[in-house]
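The chains referred to below are lettered A, B, ... by the order of the sequence lines, with proteins before strands, and numbering in each begins at 1.
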Amino acid sequence: DAKTTQPNSMESNEEEPVHLPCNHSTISGTDYIHWYRQLPSQGPEYVIHGLTSNVNNRMASLAIAEDRKSSTLILHRATLRDAAVYYCILRDGGTSGTYKYIFGTGTRLKVLA
Amino acid sequence: NAGVMQNPRHLVRRRGQEARLRCSPMKGHSHVYWYRQLPEEGLKFMVYLQKENIIDESGMPKERFSAEFPKEGPSILRIQQVVRGDSAAYFCASSTGHGNTIYFGEGSWLTVV
């Protein structure tokens, strides 16, 4: 299973941009990069995903390195409601073909008022 | 998270009893995943099912745990003879097919006393 590495925790001030990094040096050519976030006592929430090109949606932007060995989730203006654990996941669709999502320990984002 | 329904949200069982957790996928979704999250830990993949088929059960404990997704009705995760170590949050996710984005429910919290 392809692995991801994220910082354990980060802090940000409210209304400032946040850049959450993720390293995935063993990514294969067919692996999509997914981001989910989990608020306390809730299920993970889909944020964004991409393959090679940068992606934008109403929640965030995803910047993918040219060699695809790393990516960055960008929250353009952090709010207190963005405080959560953010998971960077490589969808396993390669060798096993079962497409299961392997979660790491994620980054706990703290937003300061 | 909208659409994936899990029940019960909270379940208390005595050691040795059985726990049944139910998951109704989003409308139009025929693929279901089950994950377990121990306190202060990340999500661990358990099983991936399609209607009437188990696609990948590599994360399921060999004993006491079983899962099904019948042609009609919700997916069921069944834990027999529960032990204290089974106390966790169990999350279900669904998708429209192989490799497509998965969406999570709010989870079922099992407490074994």
Residue of the set Y46(A), Y87(A), F103(A) for which ring-ring contact (aromatic ring centres under 6.0 Å, His included) holds with F104(B):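 Only match with F104(B) under ring-ring contact (aromatic ring centres under 6.0 Å, His included): F103(A).
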
Describe, in one word, how the ring planes of W109(B) and F91(B) are oriented to each other, choosing from parallel (under 30°), tilted (30 to 60°) and perpendicular (over 60°).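 Answer is perpendicular, since the angle exceeds 60°.
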
Which bit of Q37(B) comes within less than 4.5 Å of chain A, counting heavy atoms only: side chain, backbone, both or neither?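 For Q37(B), the side chain is the part near chain A, not the backbone.
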
Where does S58(B) contact chain A at under 4.5 Å (heavy atoms): side chain, backbone, both or neither?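 Contact with chain A: side chain only.
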
Report the C-alpha distance between Y103(B) and Y101(A) in whole Å, list the side-chain angles of each, state the deciding distance to 0.1 Å, and finish with yes or no for ring-ring contact (aromatic ring centres under 6.0 Å, His included). CA-CA 11 Å; Y103(B) 297 91; Y101(A) 290 59; 9.8 Å; no

Under 3.5 Å, side chain of H24(A) to main-chain N/O of R68(A), donor-acceptor pair present?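 Flag set: sc H24(A) to bb R68(A) pair under 3.5 Å.
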
Counting only non-hydrogen atoms closer than 4.5 Å, does Y36(A) touch chain B with its backbone (N, CA, C, O), its side chain (CB onward), both, or neither?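 For Y36(A), side-chain heavy atoms alone lie under 4.5 Å from chain B.
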
